[in-house]
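Computed from a prediction, not measured in an experiment: that's the story for all the values here.
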Amino acid sequence: MGEIMGQRIIEESVPGKQITLAHVIASPVPDIYQSLGIEATGAIGILTVSPFETALIAADTAAKSADVMIGFLDRFTGSVVITGDVQSVEVALAEVLRAFKETLHFEVVPVTRT
C-alpha cells in the first residue's frame with residue numbers, strides 16, 4: 001500500500017514591534033461606556049500594541065499629547081483605551097503613532113474611525 005504523506009503546519013504568533021489597531025469611536029453608544037466602567041466623554045480611542053509592555057508608553061504618550069484620559073490599560077494584552085472629545089482622541093492617537101514610528105521604529109497602521 002502506498003504511504004500517505006501529510007504536511008503539518010504550525011502557526012505561531014511572534015510579537016513584533018507594532019501597533020496593530022488605532023481606532024476612534026466618535027460617538028459610542030452609552031452601553032459601551034457602561035460596559036467599560038468609564039465616563040462618557042464623547043469619543044473612545046483604542047490601541048493594540050506589541051510587545052504588550054509598550055501599552056504603558058502608548059498611554060503615557062497619549063495623555064501627554066492631548067486632553068484625554070486613560071480609560072483602560074492592560075500591559076498583559078497590549079490594549080489601551082483612551083477617552084475624550086473626538087478631536088483630542090484623534091490628536092492623541094496620531095501622536096502615539098508618530099512617536100512609535102519615528103522614535104521606537106515600530107510598524108504602525110493608520111487611524112480608523114467609526
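Here the OG1-CG distance, from Thr48 to Asp74, works out to 10.5 Å after rounding to the nearest 0.5 Å. In this structure, CG on Leu93 lies 5.0 Å from CG on Leu47, to the nearest 0.5 angstrom. Taken to the nearest 0.5 Å, the CD atom of Gln18 stands 8.5 Å off from the CZ atom of Phe106. With rounding to the nearest 0.5 Å, the separation of CG in Leu21 from CD1 in Ile46 is 6.0 Å.
One hydrophobic cluster, built from ILVMFWY side chains closer than 4.5 Å, holds both Val108 and Ile82. In terms of hydrophobic clustering, with Ile, Leu, Val, Met, Phe, Trp and Tyr side chains grouped at heavy-atom distances under 4.5 Å, Ile19 and Ile57 are assigned to a common cluster. Hydrophobic clustering of Ile, Leu, Val, Met, Phe, Trp and Tyr side chains at less than 4.5 Å, counting indirect connections, unites Val111 with Val68. Linking Ile, Leu, Val, Met, Phe, Trp and Tyr residues whenever their side-chain heavy atoms come within less than 4.5 Å leaves Leu36 and Ile70 in two separate clusters. A single hydrophobic cluster is not seen to contain both Met69 and Phe72; linkage of ILVMFWY side chains at heavy-atom distances under 4.5 Å, directly or through other members, places them apart.
At least one side-chain heavy atom of Thr114 sits less than 4.5 Å from a side-chain heavy atom of His23. In this structure, Ile44 and Tyr33 have side chains that are in contact, with non-hydrogen atoms separated by less than 4.5 Å. A 4.5 Å side-chain heavy-atom check between Lys17 and Thr54 finds every atom pair outside the cut-off.
Pairing each heavy atom of Ala66 with each of Ser88, the nearest pair is CB-O, 3.3 Å.
Under the 3.5 Å distance criterion, the side-chain polar atoms of Thr103 are left unmatched by any main-chain donor or acceptor of Phe100.
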